[in-house]
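Please read the structure below before turning to the comments.
Hydrogens, waters and symmetry mates are skipped; everything else that's a heavy atom, side chains included, is used. Residue numbering restarts at 1 for every chain, and letters A, B, ... go by the order of the sequence lines.
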Protein chains: 2
Amino acid sequence: MKGRTTLKDVAKIAGVSIGTASMAINHNPLVNEETRKKVLEIAAELEYVPNEIARRFQAQRTNTIAVVIPHTASHVFSHPYFNGIFLGITEVLEKYGMTLNISTSPAETDEQSAYQKILQNRAADGVIVASAAATDKNAFRFAQLGYPVVFIGDFLEEGITSVGVDDYAGAFEATEHLIKVHGFSRLAHISGPLEHSSARTRLDGLLEALQAHQLELLPSDLYEGDYSQEAGYVGMKRLIALDDPPRAVFIGNDLMSVGALQALGEAGLSAPKDVAIVSFDDVHLAQLTSPPLTTVRQPIKELGHSAAEILMERLTGDVDTGSWQRTTDGQHHKFETKLVVRRSCGCTGGDS
Amino acid sequence: MKGRTTLKDVAKIAGVSIGTASMAINHNPLVNEETRKKVLEIAAELEYVPNEIARRFQAQRTNTIAVVIPHTASHVFSHPYFNGIFLGITEVLEKYGMTLNISTSPAETDEQSAYQKILQNRAADGVIVASAAATDKNAFRFAQLGYPVVFIGDFLEEGITSVGVDDYAGAFEATEHLIKVHGFSRLAHISGPLEHSSARTRLDGLLEALQAHQLELLPSDLYEGDYSQEAGYVGMKRLIALDDPPRAVFIGNDLMSVGALQALGEAGLSAPKDVAIVSFDDVHLAQLTSPPLTTVRQPIKELGHSAAEILMERLTGDVDTGSWQRTTDGQHHKFETKLVVRRSCGCTGGDS
DNA sequence: CTGAAAGCGCTTACAG
DNA sequence: CTGAAAGCGCTTACAG
């Protein structure tokens, strides 16, 4: 910190100019072998470490990728979904020597500020936006300002690159499983926040599957949650309090299913005996509940992975071509989902 | 990105010097009210955003705190413990407008590199080290280099500030619960990696509690794990394969208990009927297993919180006093633990 | 109250 | 192959 040795010190002692010292240290082939050796030697002796901030300033690059998640830190760090996202992103950033900057909001109602922090500082070379509402305009500002940006989720706007999952097919399959395998003719649904396209699309998949079997969703059988455990708890309480409670529920994510299971337990009920449950995500938790959850697996880590790869491609691609608008701009990558059958639906299957 | 408007642009159009423009934008009271207004107006018009990298360079501060965890990203993001740590840290950094930089290692055997990344770059104003082995010398380099650093865990070296938990008392209480409440006279233990002081200290607590009741730990009743679910699984398999398997196990953390429960299930056994289990951590998972875990609660989020607060205090304290070696240097903060009784130990208690 | 200058530590053309 | 200079965008003394 204090009096750190600088390039200037190294250069002086090595008896060369700062420029030469710089090139030596960066292994620029222009510099003479012997000179380089000497410089490196002195640098080692003085324990010289390049000042990264100065480098970044010089290069006008931060070597940082921001992940913007317009929710509170508490939300983000308690939802296993984001863990998977972070893991995927981190793995690729590590490869590129980049750093991850997680930007959350101080209050759930103040989603703006997660964006603001990045926009204000411009302290990132690129941005990944996750779990934003489809209606969230903030997200688009990054793109407008020329930031390389990749969305995780369904953003079908022009010119935006996104990676997502086939929520529709996943929900459809989950629904059909309850109808065709278990013979239910009435399904309830605890959804995520419907201004999120993931929640909306899962609902659509459910509705279509119902319709394909000439079934309908009763208005009282739909509870809109927010993907939290609490919401699943409340939602299930509501459903079982109905005069004629549903016997099968498709729940928008695993965390809500955990809450739903709790609500059942408290009411002296259990899944799948009283209520069959099919869920979405297949996070680690899904195997631990009792019964373990039948759930639509989405490749969460791969989402992060792929978002980061695409972003890095754009960042390095930009450097190569000098152009800011080429490459994958506006593409939508979609991963397949897969129903993992465990026991909450009434199957007696294994526990994989 | 490209042609961003700079202070110079603003200054020119506003018809003032760059210095004045700078002061105006930073609300320096020296500058005349009218001048400031004009500058601000022009700045808004041009959508001027200060270049944060330049600012950092100028101030030689990164506004970033590094959290160094010498494990792989995959380890870090799958252990709920770290979620709690991140949450606590993030909440305070948000308050100070600082950014979090999570530094992990590409390979579990390569713990060095988590440190290296920070050391090399110096791209952080301060460092929090978590989950380092007691033998891990790397950690001390930060302090040697004059970095403000706070350890999470038990680091009783001179001059190092740490925040930790009373592992000893927690383990002692857990052990006594099994002995005194449930009447066991033989306990097994699945520990964390014993080069980590948390694991070592929990083992010590167990041993002391046993000894206080004239009991001993059989060598074959100790399995050294690594805090992973897998380790708990393997450890429990080993224990139940003994000729005379133990009927009660103290397990070093909740994640291993999850694995242990799996092993029991596969063997057609269950807790607490066949084996009573008391665990450590009380992460979210602990409530979800069946049976829910009786476990020693440690205030994980508070650890992160407190580590970050201490660090920020030092960082801002340093600024105030201009001295780098004052304040909390070398203090050890210790949080209390508390046994949360659920059902894995054989109690029939509630589920809180 | 404001302008001109120096400087944070590096890298990168440009001469030589 | 190397040195001297310019410059990345800001802030902070220092004159005036």
Apply the test side chain to side chain donor-acceptor pair (under 3.5 Å) to residues Thr104(A) and Glu94(B): give CA-CA distance (whole Å), side-chain angles for both, the deciding distance (0.1 Å), then the verdict. CA-CA 9 Å; Thr104(A) 55; Glu94(B) 213 147 58; 2.8 Å; yes

In Watson-Crick or G-U wobble terms, with both distances under 3.5 Å, the base opposite dC1(D) is dG16(C)

Rounded to the Å, how far apart are Ile18(A) CD1 and dT11(C) P? 11 Å

In plain terms, say whether Lys38(B) and Glu41(B) are close enough for a salt bridge, that is, a side-chain N and a carboxylate O under 4.0 Å apart. no

Touch check for Ile53(B), heavy atoms < 4.0 angstrom, all strands: base, sugar-phosphate only, or nothing? nothing

Are the charged groups of Lys95(A) and Glu309(A) less than 4.0 angstrom apart, N to O? yes

Interatomic distance, Gln58(B) CD vs dT11(D) P [rounded to whole Å]: 7 Å

Return the nearest nucleotide to the side chain of Phe57(B); candidates are dC8(D), dC8(C), dC10(D). dC8(C)

Using a cut-off of 4.0 Å on non-hydrogen atoms, how would the nucleic acid contact of Ser22(A) be classed: base, sugar-phosphate, or nothing? base

Return the value, rounded to whole Å, for the distance between atom CE of Met23(A) and atom P of dC1(D). 11 Å

Taking only side-chain nitrogens and oxygens of Thr20(A), does any of them come within less than 4.0 Å of OP1 or OP2 of dG3(D)? yes

Would you mind reading off the distance between Lys8(A) atom NZ and dA6(C) atom P, rounded to a whole angstrom? 14 Å

Distance below 4.0 Å between Tyr48(B) side-chain N/O and dG9(D) OP1 or OP2: no

Distance, rounded to the nearest Å, where Glu52(B) contributes CD and dG9(D) contributes P: 14 Å

What integer distance in Å separates Leu30(A):CG from dT11(C):P? 14 Å

For Tyr115(B) together with Phe142(B), are the ring centres under 6.0 Å from each other? yes

Contact nearer the 5' end of DNA chain C, comparing Ala54(B) with Arg36(B): Arg36(B)

Can you find a side chain N or O atom of Arg55(B) that sits less than 4.0 Å from OP1 or OP2 on dT11(D)? yes

Check Lys37(B) with Glu34(B), please: is the shortest side-chain N to carboxylate O separation under 4.0 Å? no

In this structure, how many angstroms lie between the C1' atom of dC8(C) and the CG atom of Leu7(A), rounded? 14 Å

Phosphate contact (dC1(C) OP1 or OP2) by Thr35(B) side-chain N/O below 4.0 Å: no

Measure the distance from CZ on Arg56(B) to C1' on dC8(D) and round it to the nearest whole Å. 16 Å

Within less than 4.0 Å of OP1 or OP2 of dT11(D), is there a side-chain N or O belonging to Asn26(B)? yes

